[in-house]
Amino acid sequence: MTLIEGHRPLTPDASIPVLDVDPYALDVLLDPEPFYSALRDAGPVVYIPRYQVLAVGRYDETRQTFSDHENFVSSRGVGLNDFKLEKPWRAPSIILEVDPPDHTRTRKVMSKALSPKVVRTMMDDFIATAEALVDRLLEQSEIDGVADLAEAFPTTVFPKAVGMKDVSPRHLVDYGAIVFNAVGPDNDLRRHAMARAPEVAAWITAACARDRLTDDGIGALVYQAADAGEITPEEAAMLVRSFLSAGVDTTVTGIGNAMWCLSRNPDQWEALKADTSLIRPCFEEVLRYTSPVHTFLRTANLDTQIAGHPVPEGAKVMCVLGAANMDPAKWGDPQAFRVDRKPTGHMAFGAGIHGCVGQNIARGELEAVLSVMARKVARIEPAGDAVWRPNNAIRALDRLPLKLIPN
Ligand code: OVM
């Protein structure tokens, strides 16, 4: 059988509407909103011939499909490749690309290592790092919100929280981009990522070894779970790899996107400064409004249905989280960025048993950055056009020229 993008060819049920777009075309990745609305308008589930996949983008069906881990599994990969039919580019993640019961055991270890209690012990360092960084940035006439702030902050605090002895910000940021581009089709973005993968992945693998980690970080907590017999030492190394896969590029993107939202909506920055209880709700709104992880897929593991339409075993389903987060049927006025919206139920961290296990640490990082900035920065002004950096799964900025005006 000839595979299509590493999965089985799909003949969709005749009742399913066809949407003839390339969701991974550069112009779509750079400006996804028209695709999001076309996807929602076409139906509750659509067929995309270009990749022979189904796709969901309405809030209800996206949430439903994404949470239904029995019918729509992760163990066959969360990208276009079906791991049952094609060898994945790296050993599968033992928390992301796995189903219960295997998932349950590893998830428990990661949940404990990333618990609110553990994140509280990191907050003093997050705040001190944000203060030093923002003080430095306030002395500059112009900054790049991406390199100077969004990348600088997580690549300082996160490796320290993990307990990494060797840190290479470039390898960490690049590995994230590789991992997320890898879930897309065999396009230029994925090919460029794969060309760099051997070198960057080797660096990452070496950095996950127990003797490369201090004994007081969340990396050590994972190895302690191996000492306690909850996982094997090999599994501990794989779970540390998951920290480094999902913990850097995502928070870099969250901070960059927050700066984009707040620099383009000065009234919302004013509102935040006037009421700092809005800092956490503001970050949730940034996540809803920009969906840093815009798309993940699932694989139907048996003949099933979406919104009453038949879905055959082996079908890949694109779950377009960015479209669900902009569904007017759910949000009323999704195009408005409002720091007081409190968008409970947004899909930016996913949903169900695979919902982001690092969300507490992500919120902690953003709280540190935004609370320090709210104290020290009067205005965040655009100093040029924002440039997006296309990625098959991440909606991130490449450049964001800003001027920070001190209080
Ligand atoms: C992992 C992982 C977890 C979440 C996201 C992700 C594709 C990777 O465990 O490696 O990015």
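Numbering of ligands and ligand atoms starts at 1, following listing order. Predicted model only: the values in this text are computed from it and were never measured.
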What is the nearest protein non-hydrogen atom to [atom], stated with its residue, atom name and distance?
atom                    : answer
atom 10 (O) of ligand 1 : Arg90 NH2, 2.8 Å
atom 8 (C) of ligand 1  : Leu96 CD2, 3.6 Å
atom 11 (O) of ligand 1 : Phe180 CZ, 3.2 Å
atom 3 (C) of ligand 1  : Ala246 CB, 3.6 Å
atom 7 (C) of ligand 1  : Val179 CG1, 3.3 Å

* Output yes when a side-chain donor or acceptor of Arg288 lies under 3.5 Å from a complementary backbone atom of Pro343, and no otherwise. =>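 Side chain of Arg288 to backbone of Pro343, a donor-acceptor pair under 3.5 Å: no, none is there.
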* Asked: Heavy atom of Val183 under 4.0 Å from ligand 1?
  ->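 Heavy atoms of Val183 never come under 4.0 Å of ligand 1.
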* Asked: For ligand 1, is there an atom lying under 4.0 Å from some heavy atom of Met238?
  ->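 No; Met238 lies far enough from ligand 1 that no heavy-atom distance drops under 4.0 Å.
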* To do: Check each atom of ligand 1 against the heavy atoms of Ile95 and keep those under 4.0 Å away; list them by number with element.
  =>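 Contacts of ligand 1 toward Ile95, numbered from 1: 9 (O).
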* Go through the steps to decide whether Asp99 and Ser75 satisfy the test side chain to side chain donor-acceptor pair (under 3.5 Å), and finish with yes or no. => CA-CA 6 Å; Asp99 304 319; Ser75 55; 2.4 Å; yes
* To do: Hey, could you give me the NZ/CZ distance between Lys330 and Arg63, rounded to the nearest 0.5 Å?
  =>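 Rounded to the nearest 0.5 Å, the NZ-CZ separation comes out at 7.5 Å.
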* **Nearest-0.5 Å distance that lies between atom OH in Tyr36 and atom OG in Ser291** =>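 Those atoms lie 5.5 Å apart.
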* Asked: Using heavy atoms and a threshold below 4.0 Å, how should the contact between Ser93 and ligand 1 be classified: side chain, backbone, both, or neither?
  ->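 The part of Ser93 near ligand 1 is the side chain, not the backbone.
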* To do: Determine whether the side chain, the backbone, both or neither of His354 has a heavy atom under 4.0 Å from any heavy atom of ligand 1.
  =>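 Within the 4.0 Å criterion, His354 makes no contact with ligand 1.
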* Asked: Are the aromatic ring centres of His103 and His354 under 6.0 angstrom apart?
  ->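 His103 vs His354: aromatic centres under 6.0 Å.
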* No-hydrogen, no-angle side-chain donor-acceptor test under 3.5 Å, Arg190 and Asn392 ->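 No donor-acceptor contact under 3.5 Å links the two side chains.
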* **Aromatic plane relationship, Tyr24 with Tyr51 - under 30° parallel, 30 to 60° tilted, over 60° perpendicular** =>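 Taking Tyr24 first and then Tyr51, their aromatic rings stand perpendicular (interplane angle over 60°).
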